[in-house]
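Throughout, protein chains are lettered first and strands after them, A, B, ... in sequence-line order, and every chain is numbered starting at 1.
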Amino acid sequence: MLDIKILREQPDLVRAGIRRKREDPSLVDKALELDLQRRQLLQKGETLKSRKNTVSAQVAAMKAKKEDATAVIAEMRGVADEIKMLDEELRTAEEALRSVMLQMPNLPDPSVPDGTGPEDNKPIAHWGEPPVIDFPPKPHWDLVKSLGLIDFDRGTKVTGAGFPVYVGKGARLERALISFFLDEAMHAGYTELLPPLMVNADSATGTGQLPDKEGQMYVVQSDGFFLVPTAEVPVTNFYRDEILPEERLPVRLCAYTPCFRREAGSYGKDVRGLNRVHQFNKVELVNLVHPTASAEALESMRAYAESLLRKLGLHYRVLLMCAADLGFTQTKKYDLEVWSVGQQRWLEVSSISNFESFQARRLNIRYRPAAGGKPEMVHTLNGSALALPRIVAALLEHYQTPEGKVVIPSALHAFTGFEVIG
RNA sequence: GGAGGGGUGGGUGAGUGGCCGAAACCAACGGUUUGCUAAACCGUCGUAGGGGGUAAACCUCUACCGAGAGUUCGAAUCUCUCCCCCUCCGCCA
């Protein structure tokens, strides 16, 4: 959520940002109108309440002096109802304003390029080379089948399509990658959380899954919970409604969780193998930082995620997302994509975003300046480090041998306990 | 799931209809005192939203004592619903 004060003070700036995101700038005018209406109602109601308080104090004083207060009381009878009505109107206005504000996207950072879609994302860095393979490389869905690493069919039987079962060395490889990513994060100074896999509606609203993206989450109807679509949700909500001392910043948290996504509407393309599944594993980073530090934090998170790919020896590229391809809550975002030899295409394995104060305002996470003064919103960032399925896909394809085996990169040996599959 | 107890400011904790945004203590911050430290003493010490003020300072109003609704001229205090925590019982990994 944006700060309503920015709308009041610099509406043009906000409109321009919204336009860059290809969303509706007239939201600004709607919000300003509702804001004005809200303040008028507020003033009316408060004047009345002030009078009520004054008169009530008079009644108390009169009764203390054993005077007759019935006249005054009679005069005030009915004022309570009037106040109630005004409060009701005010509540309606506030809800309308909030609903408009919740529809208003975060503004893109000035360093984000213009664009109209994914084709305008800017590749800004490459690392490594596609592996030299002098035989027809297999896609990972063939490899996991022939090597018995993942059983998609039985997963479909047990739950449904998109719920793979990892088997034997496949399961072990998955676990090894999770441990590797978590250990690396710990060495980089992150505190590990193992959070709940279900969250309540407040948490889902705080990070922006609700109200818009409800259809993307699995819902536990009977208890009003949502299965986490990413660890971002429980982890960022960890400090919801809190005021942190400035000395505590930056807060750097990491967490492994399974991620549950309905992926409604994405049937058809790109769903083969591990490209898109309903449950997958991911290690996520969350940073809560001082407002002046978020730009730098974004870069350092990106550099950290890159370091993981380098240790795994995977060919990758970095994309700076254009304004149109930014998510609703994001001001700036990098995607990391690894090269899939078997599919001859790039696969997104990490997305690193700065939300500045947008999420913090929804979540009400503030810090108290060390110098004293009013609490201010922190800036939040998150990034995958990393999402497992496509890493596994790229890794199996990248390190496959002509005999159909797979060589495990040395960084993982300590975690897998084996160096080759097959 | 059943029975009982409870949710008050950063913490402990008082407050059963008005003078309560809320005692007291602790913590924190500023100061006085002090050779240094400690102690003592004085002061400050919640959040949010309006209005005023050129802005900061500051002034002023309103709301908030788990959440919501109700009773009343007036609610932290009484009533109802819900949420959460604790204790005991049951069930259970």
Using only heavy-atom distances, decide whether a donor-acceptor pair under 3.5 angstrom links the side-chain of A:E46 to the base of B:G49. yes

I'd like the P distance from B:U12 over to B:A27, given in whole Å. 15 Å

Using the six-membered ring wherever Trp is involved, compare the ring planes of A:Y218 and A:F260 and label them parallel, tilted or perpendicular (cut-offs 30° and 60°). perpendicular

When the C1' atoms of B:G13 and B:A76 are considered, how many whole Å apart are they? 14 Å

Using atom C1' in both nucleotides, what's the gap between B:C83 and B:C91 to the nearest angstrom? 23 Å

Rounded distance in Å - CD (A:Q43) to P (B:A63): 15 Å

Distance, rounded to the nearest Å, where A:L90 contributes CG and B:G50 contributes C1': 11 Å

Could you tell me the Watson-Crick or G-U partner of B:G17, where both distances fall under 3.5 Å? Say none if there is no partner. none

d(CZ, A:R39; C1', B:A48) in whole Å: 16 Å

Can you check whether A:S50 has a side-chain N or O nearer than 4.0 Å to OP1 or OP2 of B:C61? no

Please state the P separation for the pair B:A23 and B:C45 - nearest whole angstrom. 11 Å

Taken to the nearest whole Å, CD/A:E94 to P/B:U62 is 17 Å

Please list each protein N or O that sits under 3.5 Å from an N or O in nucleotides 68-74 of chain B, with the distance.
from, atom 1, to, atom 2, distance (Å)
B:C73, OP1, A:R77, NE, 3.1
B:C73, OP1, A:R77, NH2, 2.6
B:G74, O4', A:S56, OG, 3.1

Can you find a side chain N or O atom of A:R368 that sits less than 4.0 Å from OP1 or OP2 on B:G46? no

Can you label the angle between the A:Y190 ring and the A:Y304 ring as parallel, tilted or perpendicular, going by 30° and 60°? tilted

Nucleotide B:C64, atom P - distance to CG of A:D87 in whole Å: 10 Å

Within-4.5 Å side-chain heavy-atom neighbours: A:K311 and A:F180: yes

So which nucleotide does B:U87 pair with, by the Watson-Crick or G-U wobble rule with both distances under 3.5 Å? B:A3

So, is A:R38 close to the B:G50 phosphate, meaning a side-chain N or O under 4.0 Å from OP1 or OP2? yes

Checking A:K169 against A:F418: charged group under 6.0 Å from the ring centre and within 45 degrees of the axis? yes

What integer distance in Å separates A:I243:CD1 from B:A48:C1'? 10 Å

Rounded distance in Å between the P positions of B:C82 and B:G4: 15 Å

Between protein and nucleotides 79-86 of chain B, what N or O pairs are separated by less than 3.5 Å?
none

Taking atom P in both B:C89 and B:U79, compute the distance separating them and give it to the nearest angstrom. 30 Å

Does the pair A:R362 and A:N364 meet the rule for a side-chain contact (heavy atoms from CB on, under 4.5 Å), with working shown? CA-CA 6 Å; A:R362 282 181 172 224; A:N364 194 25; over 6 Å; no

Distance-only donor-acceptor hits, side chain of residues 389-399 of chain A, under 3.5 Å, sequence neighbours excluded:
from, atom 1, to, atom 2, distance (Å)
A:R390, NE, A:N275, O, 2.9
A:R390, NH1, A:E348, O, 2.9
A:R390, NH2, A:N275, O, 2.9
A:E397, OE1, A:S340, OG, 2.5
A:E397, OE1, A:V341, N, 3.4
A:E397, OE1, A:G342, N, 2.9
A:E397, OE2, A:H140, N, 2.7
A:E397, OE2, A:H140, ND1, 2.9
A:Y399, OH, A:L312, O, 2.6

Give the rounded distance in Å between these two atoms: CG of A:L34 and C1' of B:G50. 17 Å

Only one of A:D120, A:D114, A:D325 passes salt bridge (Lys or Arg N to Asp or Glu O under 4.0 Å) with A:R20, and that residue is A:D114

Student check: side-chain heavy atoms of A:F355 and A:N382 closer than 4.5 Å: yes

Taken to the nearest whole Å, CD1/A:I83 to C1'/B:C61 is 13 Å

Quick check on B:G50: is either OP1 or OP2 less than 4.0 Å from any side-chain nitrogen or oxygen of A:R8? yes

Report the base-pairing partner of B:C45 (Watson-Crick or G-U wobble, both distances below 3.5 angstrom), or none. none

Is there a side-chain contact between A:R366 and the phosphate of B:A48, meaning an N or O under 4.0 Å from OP1 or OP2? yes

Same-atom distance (P) from B:U8 to B:G66, integer angstrom: 6 Å

According to the interplanar angle, ranging from 0 to 90°, do the rings of A:H278 and A:F163 count as parallel (below 30°), tilted (30 to 60°) or perpendicular (above 60°)? tilted

As a test of reading the structure: which of B:A63, B:U47, B:C61 is closest to the side chain of A:N53, going by heavy atoms? B:A63

For A:H379 and A:S357 the tightest heavy-atom approach is CD2-N, 3.5 Å

What is the pairing partner of B:U79, taking Watson-Crick or G-U wobble pairs with both distances under 3.5 Å in any strand? B:A69

Separation between the P atoms of B:A48 and B:G9, rounded to whole Å: 16 Å

Taking the side chain as C-beta and beyond, is there a heavy-atom pair between A:I421 and A:L149 under 4.5 Å? yes

